[in-house]
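Everything quoted here is computed from the prediction, not taken from an experiment. Numbering starts at 1 and runs along the sequence shown.
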Amino acid sequence: MALRAGIFHTPYNKPHRTPLEMFEWSLDLARTCDEAGYKDFLVGEHYTLARENIPVPEAVIAAAAPMTKTLRFAPMAHLLPYHNPATLAVRIGWLSRVLGDRYYLGVAPGGHHTDAILNGFDGIGGLPERQLEALDVMQQVWKREPFKFKGNFYQAGFPGPDDMPGYNVEIADNSPHPGMEIAVTGLSTKSPSMKFAGERNYSPISFFGGTAQMKAHWDTWSAAMEASGHTPDRKRFTICREVFIADTDAEAKRRALSSGLAESWEKYLFPIYKKFDLFAGIIADSGKDLTPDQLDMDFLAEHVWLCGSPETVAEKIEKLIDQVGSFGQLCVNSHDYIDDPAPAKESLQRFAQEVTAKIEI
């Protein structure tokens, strides 16, 4: 089985983009990925971030699905503490019934302070506990059995025969399609999300921060899976990376450094990675005696991004597999290529058709 190609559409857009520009770019990107043979198209959900401006991932998914043939979609992720879990459960179930096996679900507690403020919280500290209660409510709704619940954070229920308003109401079946997959993302080396995913038999998606971090994500998830009576499978393990491909290593690097990929790293992701000490593992992998403050864009192109010819990128992925074990899918992190889309679209196509197809898992 060949390595699968996916895309994580955060979307890391330039902050001046309008909602319409982002919506149209999202659909264009979905069509490109579908034609190239990508497996998954993951759409972020954020409310206040000018550089991650998709607050309604299901709108993008619903619009893109009829324009594509085989691409599988997921909100990645619905930030559960910010939703009414009962009504979100119905919306998820409805959309999963519409798309069938072309839909799966990502869940998260929310990791951005400004989104928390918008939703009435002082910060993100108490959100994981809310997520757990929200998930319990959602799973109870999906059973379609009468209940009434008042918890620490939410109240919800599901109507039964004793709840009719003097006449019979036929209750819609908006439970998810059978076997709907649920996935969780992880970033930090000691990621509680990976343990949470393993305990519930959810699939893990790892944002890359070096080989030690990636190995820790797998070890944490697989140990939690086994402790909960499940069998871990490396084909369910997805990692996210920046990828830029051209005919030669030099041309790929030149294109990447003049693209939206470089712009979003220089002005947005670089400061975030420094603040939260996410470069430590990557610097260790490079073998260089550097501090995060000494890193530059050239270092990113050489050691953070999978940048080069198809042959070079394939070699980098195979080396990664040798170091940490295999994984089922590599999701390319999307960036803002709206002003000059051709090089990025070429890179996406070549990644799926010339790189992943040659890597057996």
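A side-chain donor-acceptor contact under 3.5 Å links Glu360 to the backbone of Met1. A donor-acceptor pair under 3.5 Å is absent between the side-chain atoms of Asp40 and the main chain of Cys331, judged by distance alone.
By the 4.0 Å N-to-carboxylate-O rule, Arg200 lies close enough to Asp136 to be salt-bridged with it. A salt bridge is absent between Glu35 and Lys345: the closest approach of a Lys/Arg side-chain nitrogen to an acidic carboxylate oxygen does not fall below 4.0 angstrom. Ion pairing between Arg17 and Asp339 holds under the 4.0 Å rule for side-chain N and carboxylate O.
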For residues 289-300, which side-chain N or O atoms pair as donor and acceptor with protein atoms under 3.5 Å away, sequence neighbours left out?
{"unit_1": "Thr291", "atom_1": "OG1", "unit_2": "Gln294", "atom_2": "OE1", "d": "3.4"}
{"unit_1": "Gln294", "atom_1": "OE1", "unit_2": "Thr291", "atom_2": "N", "d": "2.8"}
{"unit_1": "Asp296", "atom_1": "OD1", "unit_2": "Asp298", "atom_2": "N", "d": "3.2"}
{"unit_1": "Asp296", "atom_1": "OD1", "unit_2": "Phe299", "atom_2": "N", "d": "2.9"}
{"unit_1": "Asp298", "atom_1": "OD1", "unit_2": "Lys253", "atom_2": "NZ", "d": "2.3"}

Only pairs under 3.5 Å count here: list side-chain donor-acceptor contacts from residues 181-192, not counting sequence neighbours, and write none if there are none.
{"unit_1": "Glu181", "atom_1": "OE1", "unit_2": "Arg72", "atom_2": "NH1", "d": "2.9"}
{"unit_1": "Glu181", "atom_1": "OE1", "unit_2": "Arg72", "atom_2": "NH2", "d": "3.3"}
{"unit_1": "Glu181", "atom_1": "OE2", "unit_2": "Ser203", "atom_2": "OG", "d": "2.5"}
{"unit_1": "Ser191", "atom_1": "OG", "unit_2": "Ser193", "atom_2": "N", "d": "3.3"}
{"unit_1": "Ser191", "atom_1": "OG", "unit_2": "Met194", "atom_2": "N", "d": "3.4"}

Tell me which donor-acceptor pairs under 3.5 Å the side chains of residues 118-131 have, and how far apart each pair is, sequence neighbours excluded?
{"unit_1": "Asn119", "atom_1": "ND2", "unit_2": "Asp115", "atom_2": "O", "d": "2.9"}
{"unit_1": "Gln131", "atom_1": "OE1", "unit_2": "Ala108", "atom_2": "N", "d": "3.1"}

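Residue pairs meeting the side-chain hydrogen bond (donor to acceptor under 3.5 Å, both in side chains) criterion with at least one partner in residues 219-234, sequence neighbours excluded, are Lys215-Asp219.
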Worksheet item: Going through the distances and angles, do Trp265 and Tyr273 end up as a ring-ring contact (aromatic ring centres under 6.0 Å, His included)?
Response: CA-CA 9 Å; Trp265 267 93; Tyr273 268 58; 4.8 Å; yes
Fill in: Chi angles and distances behind the side chain to side chain donor-acceptor pair (under 3.5 Å) call for Ser175, Arg97
CA-CA 8 Å; Ser175 56; Arg97 289 281 181 168; 3.1 Å; yes
Item to complete: Under the side chain to side chain donor-acceptor pair (under 3.5 Å) rule, what do Ser347 and Arg255 come out as? Steps first, then yes or no, please.
Response: CA-CA 10 Å; Ser347 175; Arg255 290 184 180 186; over 6 Å; no
Worksheet item: Does the side-chain contact (heavy atoms from CB on, under 4.5 Å) test come out yes or no for Ile321 and Ile359, once each step is laid out?
Response: CA-CA 10 Å; Ile321 291 172; Ile359 298 174; 3.8 Å; yes
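Exactly one of His9, Glu263, Arg51, Glu242 qualifies for a side chain to side chain donor-acceptor pair (under 3.5 Å) with His335. That residue is Glu242.
Within a 6.0 Å sphere centred on NZ of Lys195, heavy atoms belonging to other residues, nucleotides or ligands number 12 at most.
Using a 30° and 60° split on the angle between ring planes, Trp218 and Phe237 fall in the tilted class, from 30° to 60°.
The hydrophobic cluster of Leu20 has no other members, since no ILVMFWY side-chain heavy atom comes under 4.5 Å of it. Other cluster members for Phe147: Val90, Val137, Val141, Phe149, Phe158, Met164, Tyr167, Val169, Ile171, joined by side-chain heavy-atom distances under 4.5 Å among Ile, Leu, Val, Met, Phe, Trp and Tyr.
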